[in-house]
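Notes for the one structure printed next.
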Amino acid sequence: MNILQKDQTQAAAVDRPASRLSLAYIWVAYIAFGVAAIAGMLQGMVRGGIVELPSWMNYYQILTAHGVLMALIFTTFFIIGFLYSGVAKTTGGTLHSSALGWGWAGWILMVVGTLMAGIMIILNEASVLYTFYAPLKASPIFYIGTALVVVGSWLAGFGIFSRYRKWRRLNKGKNSPLFLFMSVTTYIMWIVATIPVAIEVLFQLIPWSLGWSPTINIMLSRTLFWFFGHPLVYFWLLPAYIAWYVCVPRVIGGHVFSDSLSRLAFICLLLFSIPVGFHHQLMEPGISEGWKMIHVILTLIVVIPSLMTAFSMFAIFETTGRKKGGVGLFGWFKKLPWTDVRFFAPFMGMLFFIPGGAGGIINASNQLNAVVHNTIWVTGHFHITVGGAVALTFFGVSFWLIPVLTGRTLTPTANRMGMVQTVFWSVGMFLMSAAMHTMGLQGAPRRTDYTTYMDHPLALGWMDYQRVMAFGGGLLFVAAVLLILILFYLTFMAPKGHTEYPIAETEEVQHVPRILERWTVWVGVLVVLIVLAYGYPIMEQIQHQAPGSPPFRTW
Amino acid sequence: MHLHRYEKIWLILGAGGLALFILLLCINAFAMGMAPPSNMTMIDPAKVTETPPFDNPGLTKVGDQEYDAYMTAFAFGFAPNKMEVPLGAKVNFHVTSPDVIHGFQIPGTNVNFMVLPGHISSATYTFDQPGEYLILCNEYCGAGHQVMATTIIVK
C-alpha cells in the first residue's frame, strides 16, 4: 500500500522501460486491428452483395485474415501490453530486468510468429480460418507461426509471474494489489488453456502438414482445439473485467466495491472457463450425450461470477453517483461522467455484454444449440461480446493508457473524438449483430461467401438483413479508422503532461481471506475439474479412434 | 467475507434460476429424448464410396411413413442430389464425409449437425409441412462452400 501512495505522487505512473514494452505490444495490436478491420469491412460488403472481390483474392482468405488478426493477434498483444502496464503501475511503477526480459522475448517470438502466419494467409496458403479445422491443411509455416505466437505469450506470462513472486517476497503477509492478482489469474488460465492447443499444433498438425504422419485423428484435434477455444474467450474477457473492477471505478471517482468478491469472481472464472469445451461440439458425432451434458452444466456455472460482476458494477455506479449528489431511485445515474470517454466506452461495452451473456446461455444449452449452431447468429453473438464488450473496453483503456505510456495527455478534443468513435462503433455493432442474430434464427449459415442457394426463396429472404449487416460493418470501419487516428495522435502528437493511471482502491481496509491467494489450492481444483471433464473422453478418443484423415486443400 | 444483503438476494435468485434451468435441460435431454445428435458409429473416410449403405446414397423406406436417408457430404455437394418424401414422413438422416468436415442443416427445422470424416452423424425429423426444404452445409469446407446445398421435397 505504501508503494501505491508514493507512486501516485510521482510524475510518471509507469517508468520508461516498462512503458516502451507495453507500447510495443499495444501498437502491434492496433496495426493488426487496422488490417483486420479492412478485411472485416470487405467481408461485410461481399456477403451483403454490395461488392465482388477481385479474382486474386478469395472470401475465405480475408475471413481467415480477419479472424486470426482480430481474435488472436489484436486481443493477445493488447492484453499483454495492458497487463504489463498495470502490473508495473501497481508494483511500484517499474519492472525488474527479468520481467522486462521475458516481456521482450515474448514480443519478438510473437511478432515473428504473426508475420509467418500472416504471410501464409496473404499467399493463400492458409485459408483455413482461425479455427484451422483438420483435415483442411494449411502450409506448415502457418502452424509454426501460430505456435510461436502461443509460446511467445507464455514467455510474456513468465515475466508477470516473476514480477508477482518478487512483489510477494518484498511484501510478506500482505495481499497482492488487485490488478496484480487478476493479471496472475488471467495468465494461469491462459497457460493451462493453451497447453492442449500447443499439443494439437506441435504433435498433430505440424507433423501431418509436413507429411511425416499420413493421417490425423480428427476428433482428438477438435477436442484439443475447443479445450482452448472457450477459455480463449475468457482470456479476452478477463482483462476487460480488470478494467471494469479496478480502473473504471477510479475514472468515475469511486472505489472498488469489494476486494474479496472481486478476487472470488476471478477464481470462479478461472475454474469454470476451461472444463467446458464440449459445448462447442454439441452438434457433432463421437461424443456421448452424457459428457456433453456435464460440460453444459459446468459452462452454465459461469452465470454466478457474471452476476457478481454485474452487481459490483452497478453498486459502484450507484454509490458513486449518490455521493455526487444523485437523489431518488435513479438520480445517481445522471451523475455519472457521461462525457468522459474513459467511462463511456467501457460502459457501452457493459451494455453489449447483457444481450451477449443471454445469447451465450442460449448457445450453451444443448437443445437450443440445434437452432443456432453454425448459423450467423453465432457470429452476431461473438461480435457483441468480443467486438462489443471487450473491444469497447480496450478502446476506453487505450484512450488513457497510451497517454500514460507516452507522457502525454488526453485533450478535450481527443476525448470528444473518442466519444464520436464510441457512438459509431456501438451503432455499427448493434446494426450488424442484430441483423446477424435475426438471420441466424432463420438458418443463414456463418462463414459463407455471398450465395442465394440457386435462388431458394428462403435464402433470398436473407438479402435485406445482409445489407443491414454490411451497413453496420461500414460504420464499424469508419469507427476503426477514427480510432487509429486518435491513437496515433495520442502516441505522437498530443501535448506532453501528466495523465493518471486509474487504479481504484476499497473505501476502507477490507479483510481478504488468505485462501484466495493460495494458488496451489486453485490450480489443484482446476486440474481435478479438467481431469473429471476431459480425462475419460480424451482417453476414449485415443483408444477408440476413427480411421484417420489425410490432408486436403479445398480452396 | 462480507456479502451485501441485496447481493445475497441477487445471487440466490440467480443461482436458483440457474439450477432450475439446468434441471429443465436435463429433463429435456434424458427424459424427453431431445439430446443433441451424438451418434458414436465410425467409418473409414477413405472407403465411404465402397461401404454400404453409403456406396449407394438415397432414401430407403423402413416403415409406413418412415424413411432412412443415407447421405454423403463432400466438397462441394450432397448425395443424393434430390430427394422427395410424402407429407408427414419421418426421415432418419445418416450422413458421413469422405473428405473434410462439413455441416448439415435444414433451416426451419431442428436438423443441424456436424459431419466429420470417420464418423456417421444422425438426426430424425418428421416433415409435417409441405415444401421444398433447403439442406445446406454450414461449416466452412473450401472455396465452393457457399454452393454446397441440396433440397428435399415434401408433398
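Each chain gets a letter, A, B and so on, in the order the sequences are listed, and its residues count up from 1.
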- Item | Top of R553(A), E284(A), M219(A), Q281(A) for chain B proximity - count of heavy-atom pairs under 4.5 angstrom | E284(A)
- Task: Show the numbers, then the answer: is there a side-chain contact (heavy atoms from CB on, under 4.5 Å) between L458(A) and Y133(B)?
- Result: CA-CA 9 Å; L458(A) 187 71; Y133(B) 288 78; over 6 Å; no
- Task: For side-chain contact (heavy atoms from CB on, under 4.5 Å), just list the numbers for H373(A) and M114(B), CA-CA rounded to whole Å, side-chain angles, deciding distance to a tenth of an Å, and then say yes or no.
- Result: CA-CA 9 Å; H373(A) 176 74; M114(B) 304 290 292; 3.1 Å; yes
- Side chain, backbone, both or neither: which part of L136(A) has a non-hydrogen atom closer than 4.5 Å to chain B? both
- Assess whether side-chain contact (heavy atoms from CB on, under 4.5 Å) is satisfied between Y60(A) and H145(B), documenting all intermediate values. CA-CA 10 Å; Y60(A) 301 106; H145(B) 166 55; 3.5 Å; yes
- Query: By a 4.5 Å heavy-atom criterion (distance strictly below it), what part of A315(A) contacts chain B: side chain, backbone, both, or neither?
  - Reply: neither
- Residue Q545(A) versus chain B: region with a heavy atom under 4.5 Å: backbone
- Between T151(B) and chain A, which part of the residue has a heavy atom less than 4.5 Å away: side chain, backbone, both or neither? side chain
- Message: If you count heavy-atom pairs within less than 4.5 Å of chain B, which of S306(A), P135(A), G548(A), P445(A) leads?
- Response: P135(A)
- Query: Which residues in residues 71-78 of chain B have a heavy atom less than 4.5 Å from any heavy atom of chain A?
  - Reply: A75(B), F76(B)
- Q442(A) to P107(B) - nearest heavy-atom pair and separation: O-CB, 3.7 Å
- Item | Which of N217(A), N366(A), L307(A), I304(A) touches chain B most, by non-hydrogen pairs under 4.5 Å | L307(A)
- Item | Spacing of CG belonging to N369(A) relative to CZ belonging to F113(B), to within rounding of 0.5 Å | 14.0 Å
- Task: With side-chain contact (heavy atoms from CB on, under 4.5 Å) as the test, would you mind laying out the steps for M308(A) and E7(B) before giving the verdict?
- Result: CA-CA 8 Å; M308(A) 286 165 67; E7(B) 181 158 23; 4.1 Å; yes
- Message: Taking side chain as everything from C-beta outward and backbone as N, CA, C, O, which of these in V128(A) sits under 4.5 Å from a heavy atom of chain B? Side chain, backbone, both or neither.
- Response: backbone
- Query: Quick one: side chain to side chain contact (heavy atoms under 4.5 Å, CB included) partners of T451(A), sequence neighbours excluded?
  - Reply: T448(A), Y453(A), Q146(B)
- Query: Can you check whether A35(B)'s main-chain N or O pairs, donor with acceptor, with K292(A)'s side chain at less than 3.5 Å?
  - Reply: no
- With a 4.5 Å limit on heavy-atom distance, are the side chains of R222(A) and I101(B) in contact? yes
- Part of M42(B) lying under 4.5 Å from any heavy atom of chain A: side chain
- Please tell me if the side chains of P285(A) and L116(B) come closer than 4.5 Å, counting only heavy atoms from C-beta onward. yes
- At what distance, to the nearest 0.5 angstrom, does SG of C141(B) lie from OH of Y133(A)? 13.0 Å
- Message: A quick test of your reading: do over 12 heavy atoms of other residues, nucleotides or ligands sit less than 6.0 Å from CD of E50(B)?
- Response: yes
- Message: Does any backbone or side-chain atom of I106(B) lie under 4.5 Å from a heavy atom of chain A? Answer side chain, backbone, both or neither.
- Response: neither
- Message: I'd like to know if the side chain of H456(A) reaches the main chain of E132(B), judged simply by a donor and an acceptor atom lying under 3.5 Å from each other, with no hydrogens or angles considered.
- Response: yes
- Item | T124(B): partners by side chain to side chain donor-acceptor pair (under 3.5 Å), with sequence neighbours left out | N92(B)
- Message: Tell me if a side-chain donor or acceptor on N138(B) pairs with a main-chain N or O of T375(A) at a distance below 3.5 Å.
- Response: no
- CG of N374(A) to CG of L136(B), rounded to nearest 0.5 Å, is 10.0 Å
- Close approach to chain A in residues 10-28 of chain B, criterion heavy atom under 4.5 Å: W10(B), L11(B), G14(B), A15(B), L18(B), F21(B), I22(B), L25(B), C26(B), N28(B)
- Query: How long is the gap from OG on S549(A) to CG on D99(B), to the nearest 0.5 Å?
  - Reply: 9.0 Å
- Shortest non-hydrogen contact between A29(B) and Q367(A), atoms and distance: N-NE2, 3.3 Å
- Query: With only heavy atoms counted, which part of E139(B) is less than 4.5 Å from chain A, the side chain, the backbone, both or neither?
  - Reply: both
- Heavy-atom closest pair, residues L282(A) and P36(B): O-CB, 3.3 Å
- Query: Would one find more than 12 heavy atoms of other residues, nucleotides or ligands at under 6.0 Å from atom OH of Y536(A)?
  - Reply: no
- Query: Minimum heavy-atom separation for M454(A) to A149(B), with atom names?
  - Reply: CE-CB, 4.2 Å
- Nearest heavy-atom neighbours spanning N112(B) and V372(A): ND2-C, 4.3 Å
- Query: For Y6(B), is it the side chain, the backbone, both, or neither that has a heavy atom closer than 4.5 Å to a heavy atom of chain A?
  - Reply: both
- Measuring heavy-atom distances to chain B, does N58(A) have an atom under 4.5 Å in its side chain, in its backbone, in both, or in neither? neither
- Which atoms of F257(A) approach chain B - backbone, side chain, both or neither, heavy atom under 4.5 Å: side chain
- For chain A, which of K47(B), Q105(B), M40(B), M34(B) has the most heavy-atom pairs under 4.5 Å? M40(B)
- Closest non-hydrogen contact found for S38(B) with E289(A) is OG-CG, 3.6 Å
- Item | Interface residue of largest heavy-atom contact number with chain B, from Y450(A), F552(A), Y59(A), under 4.5 Å | F552(A)
- Message: Heavy-atom pairs under 4.5 Å with chain B - which of L441(A), T215(A), V296(A), L300(A) has more of them than the others?
- Response: L300(A)
- Message: For the interface with chain B, which of R446(A), H544(A), M293(A) has the highest count of heavy-atom pairs at distances below 4.5 Å?
- Response: M293(A)
